[in-house]
Visitor: 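Have a look at the structure that comes next, please.
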2 protein chains.
Amino acid sequence: MTDTEPLLLTLAAPAFDARSLRPIWKQIADRLHSACADGLLLGDARLPGEIRMAEIFGVTRVTMRRALARLQQEGILQARKGVGIFVRPMPLRYRLDHGNRFADGLDPPAAKIGATTLAMERGQAEAEEAEALHLSPGDAVIRLTRLRVVDDAPVYLSRKTFPADTLPRFEAAYAARSSVRDVFEAHGIAGYRRVQTRVSGGFATDAEAVALRLSPRTPVLRTVALNAAPDGRIIEYSLGTWPLTAVELVLTPYDPSQTEPFDAD
Amino acid sequence: MTDTEPLLLTLAAPAFDARSLRPIWKQIADRLHSACADGLLLGDARLPGEIRMAEIFGVTRVTMRRALARLQQEGILQARKGVGIFVRPMPLRYRLDHGNRFADGLDPPAAKIGATTLAMERGQAEAEEAEALHLSPGDAVIRLTRLRVVDDAPVYLSRKTFPADTLPRFEAAYAARSSVRDVFEAHGIAGYRRVQTRVSGGFATDAEAVALRLSPRTPVLRTVALNAAPDGRIIEYSLGTWPLTAVELVLTPYDPSQTEPFDAD
DNA sequence: CAGTGGTCTAGACCACATG
DNA sequence: ATGTGGTCTAGACCACTGG
């Protein structure tokens with residue numbers, strides 16, 4: 001972990017334009033933003049404390065905080081109370097072909113892709129889940145919460161719901177490789193397809209913020225995906241949350257010739 | 001324009017929880033948020049000045065501003081320098097079937113839908129436009145900038161690019177009803193279809209903020225749409241910007257049986 | 001001109017995480 | 001115990017908009 005203070009000193013060196021042209025806090029934010037974009041500040045780097053940074057940039061702590069707040073809102077920095085302020089590892093924006101296997105859809109291809117299973121539980125279908133899966137409220141379902149990490153940056157939090165009676169051996173089939181596709185195949189389902197994708201925007205809940213390492217109420221992208229088995233039965237209802245600028249979702253009309261099964265992401 | 005001060009006084013009446021439980025500025029923001037959501041504060045209502053509101057809620061102007069800033073970031077309020085703070089008319093989140101005619105895709109159906117043509121010009125294709133339209137950079141194109149307003153709230157800013165040689169009588173055909181679909185039909189193109197939709201998130205540029213009546217750098221949803229004529233030629237490249245929480249885009253795989261032409265939105 | 005929102009400062013207290 | 005980020009105040013000056 002290299003010391004970021006020397007770099008910040010160089011960033012603060014050029015005098016700021018007279019105030020009222022562009023607010024100082026925006027100018028500070030701009031310089032920090034550029035430094036991150038140019039790779040001068042790498043992911044997970046720790047910045048000096050707010051008071052120190054205020055000194056470096058020659059402003060009050062309040063003003064410094066405004067700049068930092070803006071960068072947190074944009075998902076570039078992330079403050080942790082009692083710990084410090086860190087550069088959030090931000091992959092360039094990946095283009096993701098939604099409806100393909102997660103890894104294959106990434107453009108450019110990422111060096112490291114990881115998936116963490118945060119929770120797996122059986123429960124009863126809520127109203128929305130029931131409607132999406134064509135079940136009755138209260139029917140048995142399996143819920144899976146996972147986090148996708150690309151190049152050290154958490155980029156995708158998903159909560160998937162499956163009909164329990166269709167996939168009785170879910171846990172066992174999933175355990176081996178943490179793959180939803182394996183589960184489907186273990187139950188004789190291959191070649192399932194995306195039936196619908198919905199995209200909306202919102203603000204991260206506390207839980208989402210923690211998982212994605214964002215500040216609370218940071219803007220996010222939300223996806224709702226419905227996957228169906230070849231016979232048309234909906235077998236997966238998936239809610240996804242993405243940091244706003246992490247991805248560009250590409251949605252191409254379904255081409256019957258392309259029946260390649262995909263990983264349920 | 002009713003006076004909003006009495007309502008705010010009732011909102012401020014209940015004492016705030018001891019600080020450090022939940023920050024006062026968040027509590028204030030919560031109450032204002034609820035008031036808007038519950039319809040107590042209607043669109044375009046003007047709030048009292050910051051100093052007055054600070055009095056009403058019993059806090060400093062700085063604290064009051066934090067609450068207001070949050071609500072602006074979420075697109076609920078909109079401050080205009082030298083004028084005042086206004087409630088942004090926020091339609092409920094509309095579900096929009098992207099790839100249909102704008103009006104038909106809205107769910108629930110809106111009472112009032114309007115479209116304003118902000119700019120129409122001929123120019124030379126930029127690199128991105130050229131690639132999307134299968135042209136060479138510098139080829140003649142027509143650009144159209146429009147704003148969609150639903151129930152008094154601006155919800156969709158679009159910049160569309162068309163190949164000029166394919167649509168020589170663009171201006172004349174568009175003039176009558178401000179309809180892109182008319183233009184296509186006037187050139188013998190009917191039944192065009194959505195080839196690709198891309199969705200990403202970002203922060204409003206100054207121009208976008210003005211058009212959509214948002215504060216600068218408010219989070220937004222961005223769409224890129226490619227429409228093709230029946231023969232497969234790409235005839236429209238469309239960039240769209242939406243307030244983050246204004247819509248939910250629904251993307252269903254292309255169904256060949258549904259060849260209904262749609263309005264190019 | 002008066003009123004409005006936008007920016008900035010100086011100083012204080014608190015809650016949290018770490019050693 | 002220390003240092004960190006989070007919150008709040010009091011007071012000031014500026015720039016924009018409108019009548």
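So that the names make sense, note that chain A is the first sequence line, chain B the second, and so on, each numbered from 1. Because the structure is a prediction, the values reported are computed rather than measured.
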Visitor: Could you go over nucleotides 1-3 of chain C and give all protein N or O partners under 3.5 Å, atom names and distances?
Guide:
unit_1: dG3(C); atom_1: N2; unit_2: Gly82(B); atom_2: O; d: 3.3

Visitor: Got a sec, which residues hit salt bridge (charged side-chain N to carboxylate O under 4.0 Å, His left out) with Glu208(A), two or more places apart in sequence or on another chain?
Guide: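 Testing Glu208(A) for salt bridge (charged side-chain N to carboxylate O under 4.0 Å, His left out), a comparison that skips the adjacent residues, returns Arg222(A).
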Visitor: Given 3.5 Å as the limit, does a donor-acceptor pair link the side chain of Gln27(B) with the main chain of Arg22(B), or not?
Guide: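 Between the backbone of Arg22(B) and the side chain of Gln27(B) there is a qualifying donor-acceptor contact (under 3.5 Å).
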Visitor: Do the ring planes of Phe162(B) and Phe170(B) sit parallel (below 30°), tilted (30 to 60°) or perpendicular (above 60°)?
Guide: tilted
Visitor: So, Arg31(A) side chain and Leu11(A) main chain: donor-acceptor pair closer than 3.5 Å or not?
Guide: yes
Visitor: How long is the line joining CZ of Arg22(B) and P of dA15(C), in whole Å?
Guide: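 Nearest whole value for this atom pair: 17 Å.
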Visitor: In residues 56-75 of chain A, what residues come within less than 4.0 Å of DNA chain C, judged by heavy atoms?
Guide: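 By residue number: Val59(A), Thr60(A), Arg61(A), Val62(A), Thr63(A), Arg66(A).
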Visitor: Whole Å only: how far is the CD atom of Glu50(A) from the C1' atom of dG5(D)?
Guide: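 One finds 5 Å between C1' of dG5(D) and CD of Glu50(A), rounded.
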Visitor: Answer yes or no: is there a donor N or O on one side and an acceptor on the other, between the side chain of Asp152(A) and the main chain of Pro89(A), under 3.5 Å?
Guide: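 Not a single qualifying donor-acceptor pair exists.
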Visitor: Which residues satisfy the salt bridge (charged side-chain N to carboxylate O under 4.0 Å, His left out) test with Arg66(A), sequence neighbours excluded?
Guide: none
Visitor: Side chain of Ser34(A), backbone of Asp30(A): donor and acceptor closer than 3.5 Å?
Guide: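 Flag set: sc Ser34(A) to bb Asp30(A) pair under 3.5 Å.
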Visitor: In whole Å, what is the span from the NZ atom of Lys26(B) to the C1' atom of dA15(C)?
Guide: 13 Å
Visitor: Ile24(A) side chain: which of dC8(C), dG5(D), dG18(D) is closest?
Guide: dC8(C)
Visitor: Give me the residues of residues 206-214 of chain B where at least one heavy atom lies under 4.0 Å from an atom of DNA chain C, by number, or none.
Guide: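 Heavy-atom cutoff 4.0 Å gives no residues at all.
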Visitor: Measure from CD1 on Ile51(A) to P on dA12(C) and round the result to the nearest Å.
Guide: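 Computing the Ile51(A):CD1 to dA12(C):P distance gives 16 Å.
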Visitor: Please answer whether the main-chain N or O of Arg46(A) pairs with a side-chain N or O of Thr4(A) as donor and acceptor at a distance below 3.5 Å.
Guide: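 Checking the backbone N and O of Arg46(A) against the side chain of Thr4(A), a donor-acceptor pair under 3.5 Å is found.
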Visitor: Relative to each other, are the rings of Phe16(B) and Phe57(B) parallel, tilted or perpendicular (30° and 60° limits)?
Guide: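 The arrangement is tilted - the two ring planes meet at 30° to 60°.
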Visitor: What salt bridge (Lys or Arg N to Asp or Glu O under 4.0 Å) pairs are there with at least one residue in residues 49-63 of chain A, not counting sequence neighbours?
Guide: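 Qualifying pairs, neighbours excluded: Glu5(A)-Arg52(A), Glu50(A)-Arg61(A), Glu50(A)-Arg65(A), Arg52(A)-Glu55(A).
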Visitor: Over how many whole Å does the gap from Gln78(B) atom CD to dG6(C) atom C1' extend?
Guide: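 After rounding, the gap between these two atoms is 13 Å.
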Visitor: Is a side-chain donor or acceptor of Arg159(A) paired with a backbone partner of Gly240(A) at a separation under 3.5 angstrom?
Guide: no
Visitor: When the distance from CD of Glu55(A) to P of dG11(C) is rounded to whole Å, what number comes out?
Guide: 14 Å
